[in-house]
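The structure appears below as structure tokens.
Everything numeric in this text was worked out from a predicted model, so none of it was measured. Residue numbers start at 1 and run along the sequence shown.
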Amino acid sequence: QVQLVESGGGLVQAGGSLRLSCAASGRTFSSYAMGWFRQAPGKEREFVAVISTSGGTTTYADSVKGRFTISRDNAKNTVYLQMNTLKPEDTAVYYCAARPRTISTVSAAFSSWGQGTQVTVSS
């Protein structure tokens, strides 16, 4: 498993941007597919985006497609989530997650999780 630490959350006005980062420990980061999930108050955790081990394949939830971009830097053991044109409904705790090898959009498929970072979008 890898240990994950998210950063970059905060308060932003609607239409603004934030970039989340997730730093991973360990030497095998490049062998993990990385995902971002979010959980709003009173709601279930939902899939946001996932990226393959090489970064060549990405998948997004329909609600963020065209606004969010997931990327990774395997040399820095870091995955990013660039969030543009933010909306109040994007308000949630955002979690970084890792799973060996193949991508998935299902949270139960991910074995390692960060502690989460709060994103709040004001209207």
Side-chain angles (χ1 to χ4, degrees):
Q1 290 193 351
V2 293
Q3 282 71 52
L4 305 172
V5 178
E6 302 98 334
S7 61
L11 174 64
V12 64
Q13 289 188 334
S17 298
L18 282 175
R19 188 175 82 154
L20 305 183
S21 299
C22 173
S25 65
R27 301 180 182 178
T28 59
F29 176 74
S30 61
S31 67
Y32 285 85
M34 300 298 298
W36 286 96
F37 293 79
R38 67 187 182 186
Q39 187 167 19
K43 295 187 176 181
E44 293 187 354
R45 188 171 298 185
E46 66 174 1
F47 165 74
V48 176
V50 66
I51 189 166
S52 63
T53 55
S54 67
T57 300
T58 57
T59 302
Y60 297 91
D62 287 344
S63 58
V64 306
K65 203 172 294 183
R67 300 188 298 122
F68 290 11
T69 301
I70 189 172
S71 62
R72 68 189 295 161
D73 185 337
N74 285 344
K76 295 183 178 180
N77 282 13
T78 302
V79 62
Y80 305 97
L81 186 68
Q82 177 67 44
M83 305 185 295
N84 298 328
T85 320
L86 283 160
K87 304 175 181 179
E89 52 263 44
D90 294 318
T91 295
V93 177
Y94 283 71
Y95 296 91
C96 172
R99 72 182 303 271
R101 297 182 294 278
T102 57
I103 65 173
S104 174
T105 62
V106 178
S107 62
F110 287 77
S111 53
S112 299
W113 291 83
Q115 83 288 350
T117 186
Q118 176 71 47
V119 171
T120 302
V121 184
S122 63
S123 57

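The residues Lys65 and Asp62 are annotated as salt-bridged, a charged nitrogen and a carboxylate oxygen being separated by less than 4.0 angstrom.
Rounding to the nearest 0.5 Å places OG of Ser31 at 12.0 Å from CZ of Arg99. Note that CD of Glu89 and OG of Ser123 are 10.0 Å apart. Values are rounded to the nearest 0.5 Å. Taken to the nearest 0.5 Å, the OG1 atom of Thr53 stands 7.5 Å off from the CG atom of Asn74. If you take CG on Leu81 and CE on Met34, they are separated by 11.5 Å, rounding to the nearest 0.5 Å.
Residues Leu18 and Tyr60 fall within the same hydrophobic cluster, defined by Ile, Leu, Val, Met, Phe, Trp and Tyr side chains chained together at heavy-atom separations under 4.5 Å. Phe29 and Ile103 are members of different hydrophobic clusters when ILVMFWY side chains are connected at heavy-atom separations under 4.5 Å. No continuous path of hydrophobic side-chain contacts links Trp113 to Tyr32 [ILVMFWY only; heavy atoms under 4.5 Å]. Note on Phe110 and Val2: separate hydrophobic clusters, where clusters join Ile, Leu, Val, Met, Phe, Trp and Tyr whose side-chain heavy atoms are under 4.5 Å apart, directly or indirectly.
Under the side-chain contact (heavy atoms from CB on, under 4.5 Å) rule, Phe68 has a single partner from Leu20, Asn84, Thr58, Val48, which is Val48. Evaluated for a side chain to side chain donor-acceptor pair (under 3.5 Å) with Tyr94, the options Arg38, Gln118, Gln39 yield exactly one hit, Arg38.
You'll find the side chain of Val119 reaches within 4.5 Å of the side chain of Met83, heavy atoms only. Proximity of Glu6 to Gln115: side-chain heavy atoms (C-beta onward) are separated by under 4.5 Å at one or more points. Residues Cys96 and Trp36 meet the side-chain proximity criterion, which asks for heavy atoms closer than 4.5 Å. Put simply, the side chain of Leu4 does not reach to within 4.5 Å of the side chain of Tyr95, judged on heavy atoms.
A donor-acceptor pair shorter than 3.5 Å can be found between the side chains of Gln3 and Ser25.
The hydrophobic cluster of Val5 has no other members, since no ILVMFWY side-chain heavy atom comes under 4.5 Å of it.
Listed for the Gln1 side chain is no donor-acceptor partner under 3.5 Å among the backbone atoms of Ser112. Using a distance-only test at 3.5 Å, with no hydrogens or angles considered, a donor-acceptor pair links the side chain of Thr91 to the main chain of Val121. Using a distance-only test at 3.5 Å, with no hydrogens or angles considered, no donor-acceptor pair links the side chain of Asp90 to the main chain of Ala14.
Heavy atoms only, all atoms of each residue included: Thr78 and Ala23 are closest at OG1-CA, 4.2 Å. The two atoms that bring Ala92 and Ala40 nearest to each other are CB-N, 3.8 Å, heavy atoms only.
Among residue pairs with one or both ends in residues 71-85, none qualify as salt bridge (Lys or Arg N to Asp or Glu O under 4.0 Å); sequence neighbours excluded.
Counting non-hydrogen atoms of other residues, nucleotides and ligands closer than 6.0 Å to CD of Glu44 gives a total of 12 or fewer.
Classification of the Phe37-Phe47 ring pair by plane angle, with boundaries at 30° and 60°, yields perpendicular.
Every residue two or more places apart in sequence or in another chain was checked for a side chain to side chain donor-acceptor pair (under 3.5 Å) with Ser52, and none qualifies.
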